[in-house]
Engineer: 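Let me give you the structure first, and then I'll get to my questions.
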Amino acid sequence: MPELPEVETVVRSVAAHLAGRRILESKFTSKFVTPGSRAKLAQRLLGRRIESVRRRGKFIIIELDEGTLTVHLGMTGKLLIQGQTNQHTHGVFTLDDGMLFYQDPRQFGRIEWSAGESPRVKRLGPEPLEISLDEFRVRLKRTTRMKALLLNQTFLAGLGNIYADESLFAAGIHPLTQANKLTATRAARLHRAIQGILTHAIQLGGSSISDYVNAEGERGWFQMEHRAYGREGEPCVNCGKPIRKILVAQRGTHYCPRCQKK
DNA sequence: ACTAATGTTGTAGG
DNA sequence: GCCTACAACATTAG
């Protein structure tokens, strides 16, 4: 479910519901989602007040009056403020007003408490919607291929497979292009494409390609705007040539062989 | 039965 | 150190 626009949508749909609430009880059932002692985590959260909720990259950061709860949705994680528990519910929070559920069939997501900023968040690169063109160009001085670089969270925090493919398509850049070979013009085009795509996707509530929903159970609509991702064999919206799918950095990568050049 | 799926991390080798 | 491939985590859908 979760790249920057989806996580941003979840945060926006959950923030007002959580801010100022007190955690009366919490229960965890997955040793993968909540590594270490689940009882200890629940004990730590008992009675804590939620000060604020924000996004950093693909992480949801819940500031408590003591410590920080950091949530990553992995591949199939959901944070819901309504609904009921099922076999994939691995976190249940009872608040002084309302509930919060964490569901995650694949259990690639994580819910972790830390005294300060989570070490995983510390390692993240800049926010793609905030980085300047100058800094973006400096960070492109690498020999790796563009698709792999866009997926690297220490380069930029928040792009995943969908928005990497969509950004490269919008900028007309082949996914196998070596990063440091981009001309200044094409680097600027990519910078603008990333920000434009992410902004548009947030406006549409993210992409619901299988079952992504925000915290209120509502779907996003940006999947209707996909030009490359998931369109293998379908005609390019610009030139009509079939979209091609290749493997880059072990991830399915969609691009137009005519519009996207190295 | 087999493959791929919105992600991250650790290991090995060039 | 940088870069790449691969495996692992666990489940579902086609």
Side-chain angles (χ1 to χ4, degrees), chain A residues 1-11 29-36 55-60 70-79 86-91 102-112 118-125 128 139-169 175-181 194 197-198 201-202 204-214 219-233 245-254:
Chain A
M1 117 196 218
E3 300 180 34
L4 188 153
E6 291 76 34
V7 177
E8 178 67 26
T9 303
V10 169
V11 164
T29 53
S30 167
K31 60 178 176 177
F32 301 101
V33 172
T34 42
R55 179 194 60 76
R56 174 79 172 92
K58 301 175 192 172
F59 290 85
I60 298 165
T70 303
V71 178
H72 194 291
L73 300 174
M75 204 83 114
T76 53
K78 283 182 193 160
L79 216 43
N86 61 26
Q87 75 268 36
H88 299 307
T89 305
H90 296 296
Y102 180 80
Q103 297 184 355
D104 190 350
R106 289 176 75 176
Q107 301 173 62
F108 285 0
R110 296 291 180 269
I111 301 174
E112 292 167 302
S118 152
R120 294 179 71 194
V121 171
K122 275 198 177 77
R123 276 183 250 133
L124 295 176
R139 296 180 77 85
L140 281 176
K141 306 222 168 300
R142 317 258 304 248
T143 60
T144 188
R145 302 166 297 180
M146 273 317 308
K147 173 62 185 279
L149 190 57
L150 292 182
L151 291 176
N152 183 345
Q153 302 298 297
T154 68
F155 171 67
L156 284 184
L159 290 185
N161 212 31
I162 295 175
Y163 297 101
D165 281 2
E166 292 301 315
S167 297
L168 289 171
F169 178 90
L176 295 177
T177 309
Q178 199 174 299
N180 60 7
K181 296 274 176 66
I194 290 169
I197 294 274
L198 293 178
I202 291 170
L204 294 191
S207 302
S208 290
I209 62 167
S210 68
D211 66 346
Y212 160 75
V213 290
N214 70 15
R219 295 169 58 82
W221 297 100
F222 191 71
Q223 67 279 6
M224 310 297 289
E225 305 292 322
H226 290 177
R227 301 287 186 250
Y229 182 86
R231 296 195 68 243
E232 181 186 15
K245 183 179 179 187
I246 59 174
L247 204 59
V248 186
Q250 319 312 125
R251 308 297 300 276
T253 296
H254 316 71

Engineer: Where the side chain of A:Ala148 is concerned, which of C:dC9, C:dT4, B:dT6 is the nearest nucleotide?
Structural biologist: C:dT4

Engineer: Only stems of 3 or more consecutive Watson-Crick or G-U pairs count here, both distances under 3.5 Å; name the ones for DNA chain B, or none.
Structural biologist: B:2-5 with C:11-14, B:7-14 with C:2-9

Engineer: Among C:dT12, B:dT6, B:dT8, which nucleotide has an atom closest to any side-chain atom of A:Gln87?
Structural biologist: C:dT12

Engineer: Measuring only between side-chain heavy atoms, which start at C-beta, is A:Asn180 closer than 4.5 Å to A:Thr143?
Structural biologist: yes

Engineer: Rounded off to whole Å, could you give me the CZ-to-C1' distance for the A:Arg120 and B:dT8 pair?
Structural biologist: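 Rounded to the whole Å, the gap is 6 Å.
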
Engineer: Examine B:dT8: is either OP1 or OP2 under 4.0 Å from a nitrogen or oxygen in the side chain of A:Gln153? Give yes or no.
Structural biologist: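 It does, given that an N or O in the side chain of A:Gln153 lies less than 4.0 Å from OP1 or OP2 of B:dT8.
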
Engineer: Is there aromatic stacking of A:Phe108 against C:dC9, centre distance under 5.5 Å, plane angle under 30°?
Structural biologist: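 Stack criterion met.
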
Engineer: Which listed nucleotide (B:dT6, C:dT4, B:dA5) is nearest to the side chain of A:Lys245?
Structural biologist: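 So the side chain of A:Lys245 is nearest to B:dA5.
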
Engineer: Which heavy atom of A:His226 sits nearest a heavy atom of A:Ser207, and at what distance?
Structural biologist: NE2-OG, 2.9 Å

Engineer: Output yes when at least one side-chain N/O atom of A:Arg106 is less than 4.0 Å from OP1 or OP2 of B:dA4, else no.
Structural biologist: no

Engineer: Need one value for A:Arg142: base, sugar-phosphate or nothing, where a base atom within 4.0 Å counts as base even if backbone is also close, heavy atoms only.
Structural biologist: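 It contacts sugar-phosphate atoms only.
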
Engineer: Just to be sure I understand the rule, does A:Tyr163 reach a base, reach only the sugar-phosphate, or reach nothing, if contact means heavy atoms closer than 4.0 Å?
Structural biologist: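 Nothing: the residue A:Tyr163, judged by heavy atoms under 4.0 Å, touches no strand.
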
Engineer: Of all the choices, B:dT6, C:dC3, C:dT11, which nucleotide is nearest to the side chain of A:Thr144 once you look at every atom?
Structural biologist: C:dC3

Engineer: Given A:Pro128, which of A:Leu150, A:Leu198, A:Ile197 fulfils the side chain to side chain contact (heavy atoms under 4.5 Å, CB included) condition?
Structural biologist: A:Leu198

